[in-house]
Amino acid sequence: MRTVLTWEAPPPRGPLPAGEVHVWRAEVDLAGHPIDALELLSPDERRRAATMQGPARARFVVGRATLRERLAAYGGIGPAEVAIAEGPTGKPEARAPAGVELSVAHSGGLVVLAFAREPVGVDVEAIRPRADVDALAARFFAASEHDAVRRAPDPLAAFLELWTVKEACLKATGAGLAGLATVAVSLAPGGPAVSVAGGGAWTAKTFCPAPGYVAAVVHRAR
Ligand SMILES: CC(C)(COP(=O)(O)OP(=O)(O)OC[C@H]1O[C@@H](n2cnc3c(N)ncnc32)[C@H](O)[C@@H]1OP(=O)(O)O)[C@@H](O)C(=O)NCCC(=O)NCCS
């Protein structure tokens with residue numbers, strides 16, 4: 001599978017080509033009220049947004065509005081015709097248009113979305129200094145992954161790479177945190193490698209969606 005990352009203007013409306021993974025980003029104005037974006041949401045999403053406050057609400061609204069715009073463009077339908085269901089573990093799934101797998105992530109002032117015809121997951125983290133890297137690695141990572149963080153010349157960078165790849169993988173499988181032990185990640189100069197209990201050919205890529213952020217996209221080849 002060839003993975004190409006470029007940031008381009010939106011292509012004309014049209015179906016998502018087989019074998020491609022599309023990654024989109026949207027900036028969130030954390031001080032603003034995304035009223036235009038709110039209008040694109042379904043009644044359920046608006047109800048959910050009403051339970052949130054501040055930056056979390058802004059991220060959710062911009063994320064769902066961008067998700068609907070992109071799905072509408074892939075399906076050649078209007079944003080209001082887009083139907084998104086939630087799987088048993090909370091994984092969002094597109095019912096209309098059909099045949100498009102998706103994933104959403106937000107952090108700080110950024111939303112990142114990924115689309116493919118096969119299972120796909122994305123995660124993004126704002127980079128900030130943190131004192132709890134070792135404790136978090138001990139808690140969430142396998143011993144070999146924790147070791148890789150400890151031995152890395154830049155433990156925070158190694159931690160964030162492992163974290164975003166793992167999260168992206170858990171979103172791609174839909175397992176959520178319950179599947180933490182089913183995903184193994186190794187870091188290598190050529191890029192991270194992922195293996196998932198149950199098999200499948202998975203590819204992982206980390207990238208910088210904007211200065212100050214790290215992100216990962218994980219995709220299962222057909
Ligand atoms: C829910 C979870 C999938 C990600 O949550 P998060 O890191 O708090 O938030 P993110 O912004 O990265 O992702 C949120 C999006 O994940 C999606 N999502 C939720 N549950 C999902 C699931 N089971 N599978 C796939 N995607 C899921 C939703 O689209 C959500 O966006 P929405 O609010 O617009 O609907 C889950 O992995 C989690 O709770 N993580 C907490 C962090 C953690 O402990 N990570 C340790 C692993 S290294």
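Note that ligands are numbered from 1 as they come in the structure, with each ligand's atoms numbered from 1 the same way.
The side-chain contact (heavy atoms from CB on, under 4.5 Å) test with Leu113 singles out one residue from Leu102, Leu71, Leu67, and that residue is Leu67. Partner His106 forms a side-chain contact (heavy atoms from CB on, under 4.5 Å) with one of Val28, Val111, Val112 and no other, that one being Val111.
At the shortest separation from atom 35 (O) of ligand 1 among protein heavy atoms lies Arg64 NH2, 2.5 Å. If you check which protein heavy atom lies closest to atom 38 (C) of ligand 1, you get Leu177 CG, 3.8 Å. Of the protein's heavy atoms, Glu167 OE2, 3.2 Å lies nearest to atom 43 (C) of ligand 1. The nearest heavy-atom contact from the protein to atom 20 (N) of ligand 1 is Gly90 O, 3.4 Å. Of the protein's non-hydrogen atoms, Arg48 NH2, 2.9 Å is the one closest to atom 33 (O) of ligand 1. The single protein non-hydrogen atom nearest to atom 14 (C) of ligand 1 is His106 CE1, 3.7 Å, given as residue, atom name and distance. Counting protein heavy atoms only, atom 24 (N) of ligand 1 is closest to Lys91 CB, 3.4 Å. Ranking the protein heavy atoms by distance from atom 10 (P) of ligand 1 puts Lys171 NZ, 3.4 Å first.
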Determine all donor-acceptor pairs shorter than 3.5 Å in which one atom belongs to a side chain in residues 171-193; sequence neighbours excluded.
{"residue": "Lys171", "atom": "NZ", "partner": "Val104", "partner atom": "O", "Å": "3.0"}
{"residue": "Lys171", "atom": "NZ", "partner": "Val122", "partner atom": "O", "Å": "3.1"}
{"residue": "Thr173", "atom": "OG1", "partner": "Cys169", "partner atom": "O", "Å": "3.4"}
{"residue": "Thr173", "atom": "OG1", "partner": "Leu170", "partner atom": "O", "Å": "3.3"}
{"residue": "Thr173", "atom": "OG1", "partner": "Ala175", "partner atom": "N", "Å": "3.2"}
{"residue": "Thr182", "atom": "OG1", "partner": "Gly179", "partner atom": "O", "Å": "2.5"}

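The shortest separation from a heavy atom of Glu86 to ligand 1 is not under 4.0 Å, leaving the residue out of contact. Ligand 1 lies less than 4.0 angstrom from a heavy atom belonging to Pro92. Residue contact annotation: Gly63 has no non-hydrogen atom under 4.0 Å from ligand 1.
Ligand 1 has an N or O atom lying under 3.5 Å from an N or O atom of Gly174, backbone or side chain.
Contacts with ligand 1 closer than 4.0 Å are made by side-chain heavy atoms of Asp123 only, the backbone lying farther away.
Atom OG of Ser107 and atom CD of Glu167 lie 10.5 Å apart (nearest 0.5 Å).
The heavy atom nearest to atom 47 (C) of ligand 1, considering only Leu180, Thr89, Val104, is found in Leu180.
For the pair Arg70 and Tyr74, the cation-pi criterion (under 6.0 Å, within 45° of the ring axis) is fulfilled.
Between Phe140 and Trp163, the two ring planes are perpendicular [angle over 60°; tilted spans 30° to 60°].
Listed by number with element, the atoms of ligand 1 under 4.0 angstrom from any heavy atom of Ala105 are 11 (O), 12 (O).
The two residues Lys91 and Val120 have their closest heavy-atom pair at NZ-O, 4.1 Å.
The residues Glu20 and Arg117 are annotated as not salt-bridged, no charged nitrogen and carboxylate oxygen being separated by less than 4.0 angstrom. Under a 4.0 Å N-O distance rule, the pair Arg220/Glu118 does not qualify as a salt bridge. Taking 4.0 Å as the cut-off between side-chain N and carboxylate O, Arg68 and Glu39 do not count as a salt-bridged pair.
Within a 4.0 Å radius of atom 8 (O) of ligand 1, the protein contributes no heavy atom.
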